[in-house]
Amino acid sequence: MNLHEHQAKALLAEYGVATPRGQVAFTAEEAVAAADGLGYPVVVKAQIHAGGRGKAGGVRLVRDAAAARDAAEALLGNTLVTKQTGPEGRLVRRLLVEEGVDIARELYASFLVDRSSGRPIAIASAAGGMDIEEVAATDPDRILTVTVDPAVGLQPFQARRLAFGLGLSGRTAGRAARFLTSLYRAFDGLDASQVEINPMLVTGDGEVLALDAKVSVDDSALFRQPRVASLRDVHEESPLEVEASRHHLNYIKLDGSVGCMVNGAGLAMATMDIVKLAGASPANFLDVGGGANAEQIENAFRILSSDPSVRAVLINIFGGILRCDRLAEGLIAAVRSLGVTLPIVIRMEGTNVEIARRMLEESGLDFTTASSMQDAAEKVVARLEAV
Amino acid sequence: MAILVGSETRLLVQGITGREGAFHTAQCRDYGTTLVAGVTPGKGGQEAVGVPIFDTVAEAVERTGANTSLVVVPRPFAADAIAEAMDAGVGLVVAITENIPARDMVRAMRAAEGGPSRLVGPNCPGVITPGQAKVGIMPGFIHREGSVGVVSRSGTLTYEAVHQLTERGIGQSTCIGIGGDPVIGTSFVDVLERFEADEETEAVILIGEIGGSAEEEAADFIRRRFSKPVVGFIAGQTAPPGRRMGHAGAIVMGGKGTAADKMEALRSAGCRVVESPADLGAAMEASLAAR
């Protein structure tokens with residue numbers, strides 16, 4: 001789960017990570033009041049779950065109340081298109097109004113779990129304010145990494161090594177080391193999959209601050225992070241995805257016309273791939289889970305078929321232990337109760353598959369059964385072309 | 001011989017008293033796996049699925065000689081259960097539980113470091129050596145004894161591959177789901193090392209997916225040290241970047257971990273890479289015929 005910058009900063013501050021003073025605003029009036037309270041100059045920052053806001057005009061430095069109002073009005077209720085939002089952009093619904101700070105140096109710091117070692121690592125760079133993947137590709141010598149032993153956390157000597165490695169010295173190096181130590185504690189305490197500070201700022205006075213902050217929290221840990229979970233902003237997600245998550249379905253909206261319903265994430269991806277190879281495009285990723293019970297099937301159908309771009313449905317269930325006749329029963333009931341009129345191609349494997357195929361074919365509904373993934377992909381494309 | 005599980009497996013199940021746990025334990029036993037114990041803290045002295053329950057893994061191992069553990073414990077307690085089994089020196093720990101917080105897994109792996117145990121998973125279907133032992137939740141009946149090893153990050157997609165093999169009369173030596181999470185105990189390379197050493201395995205199907213670099217590491221290993229034919233497939237060729245595709249580990253980040261890169265890495269290591277998941281069985285048939 002991703003957080004807004006203002007939420008991330010508030011959480012990080014609780015762990016002692018220094019941030020500029022700031023306040024969230026949902027209206028132009030709130031923005032002006034916040035700016036007046038902070039004292040000018042302030043920075044008005046659009047809050048959306050996407051990077052590249054600065055270059056897209058979503059971050060504005062203002063020197064008085066009138067300019068603060070203009071900036072807030074220009075951003076709120078308008079769509080911001082950054083290189084990460086896609087061409088449709090994101091609607092700005094909230095702002096962060098923050099004190100202006102003077103910038104001496106822009107650094108980079110993040111913590112994430114390294115998949116190869118199975119341990120947290122710190123990544124730091126003196127090349128802050130830039131896309132870190134680009135730095136890694138073009139200038140790998142400017143990337144510092146430290147592996148953290150999760151049993152003891154980031155050690156002071158490791159934090160110092162990073163701070164000195166960033167070219168800092170004296171009191172500033174000490175502040176940076178403390179900043180990184182706090183940042184690790186936040187990463188650990190919040191069950192974050194990544195915390196990223198870019199830029200990590202050194203001010204003219206040698207203070208170290210998080211000028212921007214990105215925190216992603218491990219979805220699997222939200223059950224024990226209720227405060228973080230409560231910060232979810234559903235406006236940042238597609239409505240169908242929000243609805244799907246309420247039913248514990250893994251659904252991701254795509255731009256094709258073949259609705260896919262599959263059990264298992266790997267098989268769901270493979271099904272999307274084979275639809276593409278057969279000459280059509282998947283409308284979604286949808287994993288109904290290993291069990292695929294009747295209730296989940298109905299929920300999945302409702303979500304799938306409420307996407308207007310879906311023109312045909314492909315169901316691919318490798319049941320194994322699951323009884324296919326029960327699955328067929330659930331499918332027939334769901335299609336009847338929802339009044340689905342889309343052509344549906346079904347491929348399933350499992351116990352009693354022959355009985356299940358007969359039930360579907362005799363149901364009087366528009367089911368086409370398929371004998372393999374390949375057969376299913378070809379049949380759904382044929383149905384699509386016939387529509 | 002096969003790898004990891006077989007007729008020598010003595011299985012204990014952590015979480016045997018749960019509804020799913022009891023169901024899958026019985027399935028494993030009915031497949032022919034030697035089931036010796038269950039562990040549920042607080043239920044020691046009782047019985048489930050016809051075997052004694054112990055409060056701790058250490059006690060279960062001491063009393064029954066269990067050498068393999070199947071972990072079907074709910075996620076808040078799953079990483080701790082894994083660490084307990086590894087601490088007790090159980091040779092193979094197979095963790096089925098999905099959605100375990102990554103931080104818990106990082107700590108459990110750290111706690112077990114240096115010990116003799118091997119962890120498979122979590123978030124995986126388990127390990128099966130057809131005709132000998134099933135330690136997992138996969139449907140046993142789709143498998144057939146034979147000589148093709150299968151290793152995969154997925155569950156049901158592994159069943160699909162196995163199904164295609166069995167339909168063509170091609171049996172399997174051992175099938176292993178290594179799991180879809182970012183932090184897992186056993187990598188592709190760990191499994192390939194064992195398949196290389198296993199005389200019964202003649203060829204391997206490797207099923208990867210987007211995210212991370214495990215497939216690239218596997219390709220590097222195959223180029224240098226793997227002598228048997230490999231058929232590969234990477235799921236997620238059509239997945240959008242930046243989105244987590246069901247599995248916590250299946251995400252293309254910063255242009256890294258794409259299906260195209262992984263397919264190219266495997267191809268350049270000499271693997272037969274199929275674009276369509278429907279071609280896995282046929283490609284293996286061709287690979288076996290070409291030897």
Side-chain angles (χ1 to χ4, degrees), chain A residues 84 113-116 118-120 131-134 136-137 149-151 188 191-193 218-221 223-224 250 252 254-256 262-278 281-282 285-287 290 316-322 349-351 372-375 377, chain B residues 27 75-76 98-107 109-111 137-139 141-142 152-160 163-164 180 182-184 207 209-214 217 233 235-240 242-250 253-256 259 275-279:
Chain A
Q84 287 185 17
V113 174
D114 173 51
R115 296 165 70 136
S116 296
R119 292 193 168 195
D131 183 353
I132 196 69
E133 275 102 18
E134 234 174 272
D149 181 342
D188 192 52
D191 268 306
S193 40
D218 182 359
D219 291 327
S220 298
F223 73 92
R224 65 182 180 203
N250 267 312
I252 293 171
L254 303 170
D255 50 14
V262 187
N263 67 329
L267 191 61
M269 281 189 272
T271 303
M272 288 159 45
D273 295 345
I274 203 170
V275 164
K276 186 81 178 181
L277 284 168
S281 282
F285 166 93
L286 174 55
D287 170 13
N316 185 14
I317 304 286
F318 204 113
I321 293 165
L322 187 84
E349 291 294 340
T351 316
S372 68
M373 274 182 88
Q374 182 64 36
D375 188 35
Chain B
Q27 293 276 323
R75 67 165 168 182
E98 57 183 337
N99 300 322
I100 300 177
R103 185 179 66 169
D104 291 2
M105 279 314 301
V106 165
R107 289 184 182 185
M109 299 289 290
R110 171 66 178 83
I137 58 171
M138 68 289 281
F141 69 90
I142 64 171
S152 167
R153 278 167 70 184
S154 159
T156 49
L157 181 55
T158 316
Y159 310 164
E160 169 70 32
H163 175 72
Q164 288 180 29
V183 181
I184 53 175
I207 300 172
E209 60 191 36
I210 55 165
S213 57
E217 287 153 24
F233 173 74
Q237 297 163 53
T238 50
R243 301 301 308 268
R244 222 169 275 284
M245 307 301 285
H247 286 157
M253 279 175 84
K256 294 263 172 61
E275 287 190 2
S276 166
D279 294 340

Heavy-atom donor-acceptor pair, B/Thr156 side chain to A/Asn263 backbone, under 3.5 Å |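 Between the backbone of A/Asn263 and the side chain of B/Thr156 there is a qualifying donor-acceptor contact (under 3.5 Å).
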
Under 3.5 Å: donor-acceptor pair, side chain of B/Arg243, backbone of A/Ile252 =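 Answer holds: no.
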
Within a strict 4.5 Å, meaning less than it, do heavy atoms of the A/Phe223 and B/Pro101 side chains meet?
-> yes

Is the shortest heavy-atom distance from the side chain of B/Phe233 to the side chain of A/Asp273 under 4.5 Å?
->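 Result yes, sub-4.5 Å side-chain heavy-atom pair found.
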
Chain A interface, residue from [options] that has the most non-hydrogen pairs under 4.5 Å:
options: B/Gln237, B/Met253, B/Met245; value: B/Met245
options: B/Ser154, B/Pro277, B/Gly180, B/Ala278; value: B/Pro277
options: B/Arg153, B/Arg107, B/Glu160; value: B/Glu160
options: B/Gly249, B/Ala111, B/Ala259, B/Ala250; value: B/Gly249
options: B/Pro76, B/Gly155, B/Ala239; value: B/Pro76

Using a 4.5 angstrom heavy-atom cutoff, name the option from [options] with the most pairs to chain B.
options: A/Asp188, A/Leu254, A/Leu277; answer: A/Asp188
options: A/Arg115, A/Gln84, A/Glu133; answer: A/Arg115
options: A/Asp191, A/Ile132, A/Asp131, A/Asp375; answer: A/Asp191
options: A/Ala265, A/Ser193, A/Ser116; answer: A/Ala265

Output the distance between atom [atom1] ([X]) and atom [atom2] ([Y]), rounded to the nearest 0.5 Å.
X: A/Phe318; Y: A/Leu267; atom1: CZ; atom2: CG; result: 8.5 Å
X: A/Lys276; Y: B/Ser276; atom1: NZ; atom2: OG; result: 14.5 Å
X: A/Asp287; Y: A/Thr271; atom1: CG; atom2: OG1; result: 10.0 Å
X: A/Met373; Y: B/His163; atom1: CE; atom2: NE2; result: 11.0 Å

Between [X] and chain A, which part of the residue has a heavy atom less than 4.5 Å away: side chain, backbone, both or neither?
X: B/Ser152; result: neither
X: B/Glu209; result: side chain
X: B/Gln164; result: neither
X: B/Met109; result: neither

Side chain, backbone, both or neither: which part of A/Ala270 has an atom under 4.5 Å from a heavy atom of chain B?
->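 Backbone plus side chain of A/Ala270, per the 4.5 Å heavy-atom cut-off to chain B.
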
Can B/Arg103 and A/Asp218 be counted as an ion pair, charged N to O under 4.0 angstrom?
-> no

